[in-house]
Amino acid sequence: MPRANDDAAALLQEYADLLAITGGDAFKARAYEKAARAVGGYHADIATLDAKGLREIPNVGKSIADKVEEYLTTGRVALIDEARAAIPPGVRELTAIPNLGPRKAMLLYDELGIASVDDLAAAIRAERLRGLKGFGPKTEQNILHSIDVLKRSSGRRLINKAMDVAEQIVADLSAIDGCERCTYAGSLRRMRETIGDVDILVAAESSAPFMATLVDLPHTAEVIGHGDKKTSIRTDQGLQVDLRVLPPESWGAGLQYFTGSKAHNIRTRELAVRAKLKLSEYGLFEAESGKTLASRTEEDVYARLGLPWIPPPLREDRGEIEAAQRGELPDLVTEADIRGDLHTHTNLTDGLSSLEDMLAAAHARGYAYYAVTDHAPDLVMQRMTTEKMLAQRERIAELQGQYGKMRILHGTELNIAPDGGLDWPDDILAGFDICVASIHSHFNQNRADITKRLIRACENPHVAIIGHPTTRRIGKRPGIDADWDAVFDACARTGTALEINSHPERLDLRDEDILRAKRHGVKFAVDSDSHSTTHLPYIRYGVGSAQRGWLEKDDVINTWPLTKLRRFVRKGGS
DNA sequence: GCCGTTTTCGGCCCGACTGTTTTCAGTCG
């Protein structure tokens, strides 16, 4: 279920944006931004906190605690409502365009009355921005391109947002009398990186109580359609949810049908037709007699088609049918296989939680090992120093053994400079248990330079993992342009793992990249890149991507026992 | 607006890049 923390954080962030747009005190805006981040990543559910508890959240003082409390009791904050009323919502929307910040958004609104992304695109095409201070031809082109990127991703949600909604609805519907089965299907069950709408299935004799409950849920904002077999609603966050209630004997066929993908279902239906059968959401039937052959479970349906059950993340018609027919489906890695997280932060750099809190949360997840990998000095804004790093190492040595048998690894996330160089010289790097190296800037280098840059990082004997390799941010920033086949070759040759970063905004590498990299013999690390204790569970989404990339347990280095992992990290050195 | 102390106000992540400008503002990480 979405925590109140997320809603409050969004509200505080909105107020920070509004302050920045109206040109208020920049430090005040920053204060709200910092508070928003802290509330969003706070370990406790704010709905359970009193005024004093709220004040204990870092960067939350009296004024912001009062506003959060007002939100918790009334559902709104008067001051934020006022600020919102002063600026059309479309103006804030403009700042979602990369390289267009609050000042330019406000200028566009003040000078030209532009109050939406569509307005802006139209204004540029009508050449109305000519002569506007700070906007030249290059900027116009960049904005148009960015709007394009934005549009292409619009309408789809990050997987964690859709998952929160789906899991809450499944819990609500499962509690109703007469509910035999209930789960989510569709692209969410296939663990796609973004979700268009949420499909919920229920197996029950009578549909009415489920339909009625969905329509009356607190987050239901609009009823799109309300029928006997199907009801569709839109949540207050604009996410469409379709509920289908199936007779229990059709559960398996329905689940198979509504899980998709469309391409996979076309293939399974073709198989049916060739066997003189008919496959629908109600079951697998003999074409002539109409006799039901299978429908109660997915396993039955696949078996009657001559196939083993196919895990949903594989159902994209990317060769899974053929592999299933040959009995060569991969034995996919699962979340339970993950023995540790190899890329995480603390509040020593830009994390929100303390070292001790992160370790306690990692231990609670049952990890056998856990790497602390704060940023290194080249990311100047993080103000890391060699002294701070060494102090952290000492502290970790003290804490070793205090979290059951979990081994704490001292690592770092290095910054790969434009020339492929790293923050620290080799003798310092040698002191770490594990080094992740990632690109954080200069995304626009040409393909040849980026490729050389990544390969040079791989060739460093201390770099075990390339973090978020493409640096993309879903819906916000495309990935860097590299000769990936050359990079994958270098990873395989040097024994450098590629990260599958599990943060829902990154999911980097993507499933297609993973499939490609695996063919080069690359190993992978599924990491959370946690900046708060609340981010550790994101690993499930990285595992989802790994499954979509057909990875097995042995492909993922953080499923390995520590001794084997340590051998890999040494890259053939001593 | 928050924080930390120098306990009552001054500092707040800092540097680089881009596209604009003609010396810099805005944006980003």
Side-chain angles (χ1 to χ4, degrees), chain A residues 8 11-39 42 54-70 77 79-80 83 92 94-111 124 129-146 345 347-352 374-385 388 413-419 423 438-445 467-468 471-473 476-478 480 503 505-506 529 531:
Chain A
L11 213 53
L12 294 172
Q13 180 61 50
E14 182 184 353
Y15 190 58
D17 291 347
L18 292 171
L19 286 172
I21 290 169
T22 49
D25 178 5
F27 287 115
K28 189 167 154 184
R30 269 197 60 80
Y32 273 94
E33 218 165 89
K34 277 155 75 176
R37 234 168 75 82
V39 168
Y42 198 58
L54 290 173
R55 292 284 303 270
E56 281 171 15
I57 303 172
N59 300 310
V60 173
K62 167 137 181 45
S63 172
I64 291 181
D66 284 350
K67 291 183 181 70
V68 171
E69 216 178 356
E70 182 185 348
V77 180
L79 190 72
I80 298 179
R92 181 167 170 248
L94 293 178
T95 63
I97 299 169
N99 299 310
L100 203 157
R103 314 308 295 246
K104 283 185 170 170
M106 195 58 190
L107 187 73
L108 287 166
Y109 177 61
D110 276 345
E111 297 291 322
I124 292 172
L129 267 60
R130 298 294 159 88
L132 191 60
K133 208 174 83 189
F135 290 83
K138 199 79 181 246
T139 302
E140 286 187 351
Q141 285 318 302
N142 289 343
I143 291 175
L144 283 178
H145 175 71
S146 299
H345 297 272
N347 60 7
L348 183 61
T349 55
D350 60 351
L352 295 162
D374 272 312
H375 290 290
D378 283 2
L379 234 53
V380 184
M381 64 179 191
Q382 306 292 355
R383 302 173 114 192
M384 182 52 119
T385 62
K388 283 188 188 175
E413 184 188 11
L414 301 162
N415 180 55
I416 305 175
D419 67 354
D423 310 58
S438 320
I439 286 180
H440 298 100
S441 63
H442 302 82
F443 306 117
N444 292 326
Q445 270 182 322
H468 44 73
T471 76
R472 70 145 176 187
R473 307 212 49 139
K476 290 184 178 156
R477 182 172 73 206
I480 50 177
H503 196 290
E505 285 180 14
R506 290 194 184 269
D529 195 1
H531 285 67

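In what follows, every chain begins at residue 1, and chains take the letters A, B, ... in the order their sequences are listed.
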Revision key, fill the gap. Residues 130-146 of chain A vs salt bridge (Lys or Arg N to Asp or Glu O under 4.0 Å), sequence neighbours excluded, gives E127(A)-R130(A), R130(A)-E140(A)
**Study point:** Euclidean distance, atom CD of residue Q445(A) to atom C1' of dA16(B) [Å, nearest integer]
**Key:** 14 Å
Exercise for review: Look at the side chain of N415(A) and the backbone N and O of L379(A), then say whether any donor-acceptor pair between them is shorter than 3.5 Å.
Suggested key: no
Exercise for review: Could you check H440(A) against H468(A) for side chain to side chain contact (heavy atoms under 4.5 Å, CB included), going step by step and ending with a plain yes or no?
Suggested key: CA-CA 9 Å; H440(A) 298 100; H468(A) 44 73; 3.8 Å; yes
Check your understanding: Got a sec: does the CG of D110(A) have more than 12 other heavy atoms crowding it under 6.0 Å?
Key -> yes
Practice item. With P as the reference atom in both, quote the distance from dT27(B) to dT20(B) in angstrom, rounded to an integer. Key: 13 Å
Review point. When we call it a touch if two heavy atoms are under 4.0 Å apart, what does F27(A) touch: a base, just sugar-phosphate, or nothing?
Key: base
Check your understanding: Taking only residues two or more places apart in sequence, or in another chain, which ones meet D419(A) in a salt bridge (charged side-chain N to carboxylate O under 4.0 Å, His left out)?
Key -> R456(A)
Exercise for review: Return the 5'-most residue of the pair K34(A), R55(A) with respect to DNA chain B, ranking by each residue's nearest nucleotide.
Suggested key: R55(A)
Practice item. Whole angstrom is fine here: how far is it from CG in N415(A) over to P in dG15(B)? Key: 15 Å
Exercise for review: Quickly work out the R37(A) CZ to dC2(B) C1' distance and round it to whole Å.
Suggested key: 15 Å
Identify every side-chain donor-acceptor pair in residues 11-22 of chain A under 3.5 Å, counting partners at least two apart or on other chains, and give the distances.
{"unit_1": "Q13(A)", "atom_1": "NE2", "unit_2": "D17(A)", "atom_2": "OD1", "d": "2.9"}
{"unit_1": "E14(A)", "atom_1": "OE1", "unit_2": "R84(A)", "atom_2": "NH2", "d": "2.9"}
{"unit_1": "E14(A)", "atom_1": "OE2", "unit_2": "R84(A)", "atom_2": "NE", "d": "2.7"}
{"unit_1": "D17(A)", "atom_1": "OD2", "unit_2": "R92(A)", "atom_2": "NE", "d": "2.9"}
{"unit_1": "D17(A)", "atom_1": "OD2", "unit_2": "R92(A)", "atom_2": "NH2", "d": "3.2"}
{"unit_1": "T22(A)", "atom_1": "OG1", "unit_2": "L18(A)", "atom_2": "O", "d": "2.8"}
{"unit_1": "T22(A)", "atom_1": "OG1", "unit_2": "L19(A)", "atom_2": "O", "d": "3.2"}

Point to revise | Between dT8(B) (P) and K62(A) (NZ): distance, integer Å | key: 22 Å
**Study point:** L348(A) CG - dC13(B) P separation (whole Å)
**Key:** 15 Å
Exercise for review: Go along nucleotides 18-29 of chain B 5' to 3' and tag each nucleotide: B for a protein heavy atom under 4.0 Å from its base, S when only backbone or sugar atoms are that close, - otherwise.
Suggested key: -SS-----SSSB
**Study point:** Residue matched to dC9(B) through Watson-Crick or wobble contacts both under 3.5 angstrom
**Key:** dG4(B)
Practice item. Nearest whole angstrom, please: distance from the C1' of dC12(B) to the CD of E33(A). Key: 13 Å
Output a table of donor-acceptor pairs, distance under 3.5 Å, between side-chain atoms of residues 60-68 of chain A and any protein atom two or more places apart or on a different chain; print 'none' if there are none.
{"unit_1": "K62(A)", "atom_1": "NZ", "unit_2": "D66(A)", "atom_2": "OD2", "d": "2.8"}
{"unit_1": "S63(A)", "atom_1": "OG", "unit_2": "K67(A)", "atom_2": "NZ", "d": "2.9"}
{"unit_1": "K67(A)", "atom_1": "NZ", "unit_2": "Y32(A)", "atom_2": "OH", "d": "3.1"}

Check your understanding: Just how far, in rounded Å, is P of dG1(B) from CG of L54(A)?
Key -> 17 Å
Point to revise | Inter-nucleotide P distance (dA16(B), dC9(B)), Å rounded | key: 36 Å
Study note, to complete from the structure: Taken to the nearest whole Å, CZ/R30(A) to C1'/dC14(B) is 10 Å
Review point. When rounded to the nearest Å, what value does the distance between C1' atoms of dG19(B) and dT8(B) take?
Key: 43 Å
Exercise for review: Only counting residues at least two apart or in another chain, list the ones meeting side chain to side chain donor-acceptor pair (under 3.5 Å) with R477(A).
Suggested key: none
Check your understanding: Rounding to the closest angstrom, what is the interatomic distance between dC12(B) and dT6(B) at atom P?
Key -> 16 Å
Review point. OP1 or OP2 of dC14(B) sitting under 4.0 Å from any side-chain N/O of R383(A)?
Key: yes
Practice item. Can you tell me, in whole Å, how much space there is between the P of dT5(B) and that of dG11(B)? Key: 16 Å
Review point. Taking atom C1' in both dG10(B) and dG15(B), what distance in whole Å separates the two?
Key: 23 Å
**Study point:** C1' spacing across the pair dT21(B) / dA25(B), given as an integer number of angstrom
**Key:** 10 Å
Point to revise | Span that lies between the C1' atom of dC13(B) and that of dC3(B), in whole angstrom | key: 15 Å
